[in-house]
Amino acid sequence: MAGIVHVLIPASFGDAPPDQPIARAWDYGWQNIHDGLDGIAIDLPALKLAGNARGVIPLNIKVKDPIWPGRDMIDVSVSVRPGEKRTLWLDLRDRILPHDSLYLAIASAAPDFDATALDGAGIRLVFKPREAAKAEHVADRFNQVADNWGFLVEEHTASKRAGLYQRLFADITDLLRVDPDHEQGRAYWADINYRPENLPPVTPPQAPAGVPGWAFNQVEDLKLVRRFIEWWIDERQVSYGDFGGGISDDVDLVQQWPGLALMGAIPDKVNASLRALSDAVYKNGMIENGLGRIATDELHAYEEGLNTNAARLYLNWGEPKAIERLMDNTRGLQRVLLVNPAGHRHFASSWYGGRKIYRDEPWSWQKPYAFTVLHGPSLLGLYNGSPQARALVTETVDGWLAHGKPDAKGVMSYPNEINWYSDKERVGDGGGATIPLQSVWTAWRFTGDTKYLAPIAARVARSGPATLNDIPENVYDTLAQGGAWRDAVAADKGSDPYTLFVKWQATGDTAPLAKLHGDAILDKLQHEWMYTKGHWWSDRVEQPSQLLQRARLGGIALSRNLHMPGHAVSWQFAEAGAAEQVAILVPNATPTKLRVIAYNLSAVAQAATMSTWNIVAGEWRVAMSTSTDEGKTLTPLAPPTTALLERSSALPVSFAPGTTTVIDLELVRETMPVEQRPDLGIGSDDVKRSGRRVDVTVHSLGAVAAPGGEAQLLRGDQVIARAAIPALPAPTDLLPKTAQVRLTVPAGASASGLTVRVSLRDDALEVTRVNNRVDLP
């Protein structure tokens, strides 16, 4: 049989044990344990073995890492001729050895190989000065720390009962033993050890003289969010669309993308990235029958791509592909959300997919994270008032509310888990499980029925009003009791980010904002390497932007597991990088009244388009002013004007250099709500050109039937071809409704620089007009 000889070189000096033949000829050469090991020389005797068919003796030599013997420092295979002495020089990565033994293994396929065959062999350790060896030792140990922690960040394991954590602990200990001032090593240990206060200090940028601290810190905070997202796009995303973390985790990562783009930073790049990943979900066959193809738990059913379908709509409002994917998801969920024998609509399964829904025990329980899948129906109900989408949300919330019970003080409690068959409950609401509140808020927005606010009031009673940071909208100015809740948060002596934000909302004092963003800058800088070059798993990295969104957009557009868009406005700047030159505040936004306070840090005027979102459709009064005291006193720039504004409207604005600009908007007169209108839409996939022929697929996406309209081929503002669009029903059955029309480029006309536009008859109001134009490739 083949054999293997294990060799242990003790860390202490002295004679080797006589029962180890190889040890009799050892030349330790271990002059100074504090020097660095550079390599090992193995003097082989003239081996008298049978060899193999080629007449040579194959050997495999492994030198084990002294702090983790399961890891090889070198693994090399050689062959020697029988009867010839040989010296093998093994050039190892430099190691500054700990006070542990060094362990080698020598194996051979020769059938008569054993320890006696190596009698007379010698092993010499070759050292170099510690400082010369330090570079490779530190680099390797840090790479091992970073790699191993990348596998543990989700669970954040901190127990040596886990083998991988034992290895990580040995690696980080050895790294800091040799280089106790290693900056990233200290950062990793602070994260591993749950001690953020031990993160290495960083020096943040400082505001120039004359620039408001809140404004400077806000744009610096925004730059770091952009830098993080751009790194992942540039360094990790491939042409297929994924980032290498597995698509079902990558889709969690990009929940951070829409907020950055809506704040005005690299919107085209971010949207292209999001669309590529969204399409990769379908290329990879991850959606079937409207649900994730695989059967999985209630949270991961959402994270198989349904979340990216929802995220796509934020940056592609009215895109037919985005809307119809959400329609498909909503149809699929109708097989999961069922009315039970008690007459309540609950999740009938906590383990399901597009091919199989498991409804037997223990899978027949509704759980809090199940509500995440209502993100898509919530957006569809917001877009066109889809009765089926809205019913999924409101009836599921009704089923949950039916289980509410008051305690001795009258505070309501709601179960975390409900059995579909028996309607039995378990795990009472102790203040955790906030996911259902997303659907509660959505149900209230859909209906206006105050019964849906009961769980929110109960949560505030149990956990305090700071729990409202999970509601994307500005709750404090939207609800009657919101003012008292805001005052309670603002009165808190703490300095956590959300409390600081609410202090600004309550007082108008921007000092808390300056501190909030200053703290965020420090945190982002301290974690930046770990979250990018550290290559953590793609669903474990985040540079938070929730409070940036609240400040710049008037509410959170999207953050992971938040479902109902709460942003009042969004931004698109004319010049690249201008978003990082203009600091913006949208304090106390409501659907009927907005104020925008912007400070332009640059030396030139910055033109932008402000789009409106969470507002009541209608005629709005618009007044623009400048201010020297952040909006307390105003100098009008021009007389107020009026504008028709609604969800997705665009308003051009300009910010003067080094100046605070204030925009006040107030509803004067309501018009028809957008979600009650018809809608025609086209996307880039819907326009195909072949020679002079342009074929267009027109989609009906609105709440009511589209009475017909016209498709036009434009060069600039000139119409060069027309075609009628027939009447189309509304997609109330959640199935696509389309018509095919053909446009022809006139003979002799250039086919370049053309745009296709669709519109309803008489240019009637639609849900949105941002989906009416597509430039021809």
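All values derive from a computational prediction rather than experimental measurement. Counting from 1, the numbers follow the sequence of the chain as shown.
Between R595 and G631, the closest heavy-atom pair is NH1-O, 3.0 Å. Nearest approach of S602 to N600, heavy atoms of both residues: OG-OD1, 2.7 Å. Across A568 and L594, no two heavy atoms sit closer than the pair CB-CD2, 3.6 Å. P368 approaches I435 most closely through the heavy-atom pair O-CG2, 3.4 Å. Nearest approach of A301 to V373, heavy atoms of both residues: C-CG1, 4.4 Å. Nearest heavy atoms, Q206 versus P204: NE2-O, 3.3 Å.
The side-chain contact (heavy atoms from CB on, under 4.5 Å) search around T660 returns I597, Y599, S627, V662, not counting sequence neighbours. N271 meets the side-chain contact (heavy atoms from CB on, under 4.5 Å) test with R275, L315, N316; sequence neighbours excluded.
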Please assess Q505 against R550 for the test side chain to side chain contact (heavy atoms under 4.5 Å, CB included), listing each intermediate value before the final yes or no.
CA-CA 10 Å; Q505 274 194 319; R550 285 196 186 275; over 6 Å; no
Check against side chain to side chain contact (heavy atoms under 4.5 Å, CB included), Y452 and T442:
CA-CA 9 Å; Y452 293 115; T442 301; over 6 Å; no
Evaluate the side chain to side chain donor-acceptor pair (under 3.5 Å) criterion for residues S386 and N384: first the C-alpha distance (whole Å), next the side-chain angles of each, then the deciding distance (0.1 Å), finally the verdict.
CA-CA 5 Å; S386 165; N384 62 16; 4.6 Å; no
Applying side chain to side chain contact (heavy atoms under 4.5 Å, CB included) to W504 and L585, what does each step give before you reach the verdict?
CA-CA 10 Å; W504 161 70; L585 299 177; 3.8 Å; yes
Run K593 and L667 through side chain to side chain contact (heavy atoms under 4.5 Å, CB included) and show every step you take.
CA-CA 6 Å; K593 191 173 183 179; L667 180 67; over 6 Å; no
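Under the 3.5 Å distance criterion, the side-chain polar atoms of E395 are left unmatched by any main-chain donor or acceptor of V393. Side chain of N771 to backbone of G318: a donor-acceptor contact under 3.5 angstrom is found. With hydrogens and angles disregarded, no donor-acceptor distance shorter than 3.5 Å links the side chain of W620 to the backbone of E646. With hydrogens and angles disregarded, no donor-acceptor distance shorter than 3.5 Å links the side chain of R345 to the backbone of T396. A donor-acceptor contact shorter than 3.5 Å is absent between the side chain of S439 and the backbone of L437. Without hydrogens or angle criteria, S559 side chain to L562 main chain gives no donor-acceptor distance under 3.5 Å. Of the possible donor and acceptor atoms, none in the side chain of Y369 sits under 3.5 Å from a partner among the backbone N and O of Y302. Checked by atom type and distance alone, the side chain of W232 pairs as donor or acceptor with a backbone atom of Y531 at under 3.5 Å.
Salt bridge R621/E666: absent, no basic N to carboxylate O contact under 4.0 Å. Taking 4.0 Å as the cut-off between side-chain N and carboxylate O, E303 and R560 count as a salt-bridged pair. A salt bridge links K451 to D398: one of the charged nitrogens lies within less than 4.0 Å of a carboxylate oxygen.
Looking at F501 and N469, their side chains never come closer than 4.5 Å, going by heavy atoms from C-beta outward. In this structure, the side chains of R647 and N614 come closer than 4.5 Å at one or more pairs of heavy atoms. A heavy-atom distance below 4.5 Å is not found between the side chains of Y498 and Q546. By the 4.5 Å heavy-atom criterion applied to side chains, P258 and L274 are counted as neighbours. The shortest distance between side-chain heavy atoms of P591 and R445 falls below 4.5 Å. At least one side-chain heavy atom of W571 sits less than 4.5 Å from a side-chain heavy atom of V653. Using a 4.5 Å heavy-atom threshold, the side chains of D449 and W444 count as separate. At a threshold of 4.5 Å between non-hydrogen side-chain atoms, the residues D539 and E154 count as touching.
The number of heavy-atom neighbours closer than 6.0 Å to CD of Q481, taken from other residues, nucleotides and ligands shown, is above 12.
Under 3.5 Å, the side chains of S278 and R312 contain a donor-acceptor pair of N or O atoms. Under 3.5 Å, the side chains of D496 and T499 contain a donor-acceptor pair of N or O atoms. One side chain, W214 or E630, offers a donor N or O that lies under 3.5 Å from an acceptor on the other. A side-chain N or O of N588 and one of R486 form a donor-acceptor pair less than 3.5 Å apart. Side-chain polar atoms of T434 and D470 form a donor-acceptor pair below 3.5 angstrom.
Ring-plane geometry between F573 and F655 is classed as tilted, the angle between the planes lying from 30 to 60 degrees on a 0 to 90 degree scale. Using a 30° and 60° split on the angle between ring planes, H346 and H403 fall in the tilted class, from 30° to 60°. Between Y314 and H375, the ring planes lie perpendicular to each other; the angle is over 60°, past the 30° to 60° tilted range.
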For a quick test of your reading: what N or O donor-acceptor pairs under 3.5 Å do the side chains of residues 215-223 make, sequence neighbours left out?
residue	atom	partner	partner atom	Å
N217	ND2	A514	O	2.8
Q218	OE1	R552	NH1	2.9
Q218	OE1	I584	N	2.9
Q218	NE2	I584	O	2.8
E220	OE2	K223	NZ	2.9
D221	OD1	K524	NZ	2.9
D221	OD2	H517	ND1	2.9

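The one candidate from I556, L382, L313, L553 that meets the side-chain contact (heavy atoms from CB on, under 4.5 Å) condition with P565 is L382. With M624 as the fixed residue, the side-chain contact (heavy atoms from CB on, under 4.5 Å) test singles out one of L634, T661, L665: T661.
Outside the 6.0 Å centre-distance limit, the rings of H563 and F371 are not counted as a close aromatic pair. Taking the six-membered ring where the residue is Trp, the centroids of W317 and Y383 are separated by under 6.0 Å.
Of the inter-residue distances, the one linking Q676 atom CD with L765 atom CG reads 12.0 Å to the nearest 0.5 angstrom. Atom CG of L558 sits about 9.5 Å away from atom CD of Q256, to the nearest 0.5 Å. Taking CG of L374 as the start and CG of L379 as the end, the distance is 11.0 Å to the nearest 0.5 Å. The CD atom of E473 lies 9.0 Å from the OG1 atom of T590; values are rounded to the nearest 0.5 Å. Between atom OG1 of residue T330 and atom CZ of residue R390 there is a gap of 12.5 Å, rounded to the nearest 0.5 Å. Between D492 atom CG and D487 atom CG the span is 13.0 Å, to the nearest 0.5 Å.
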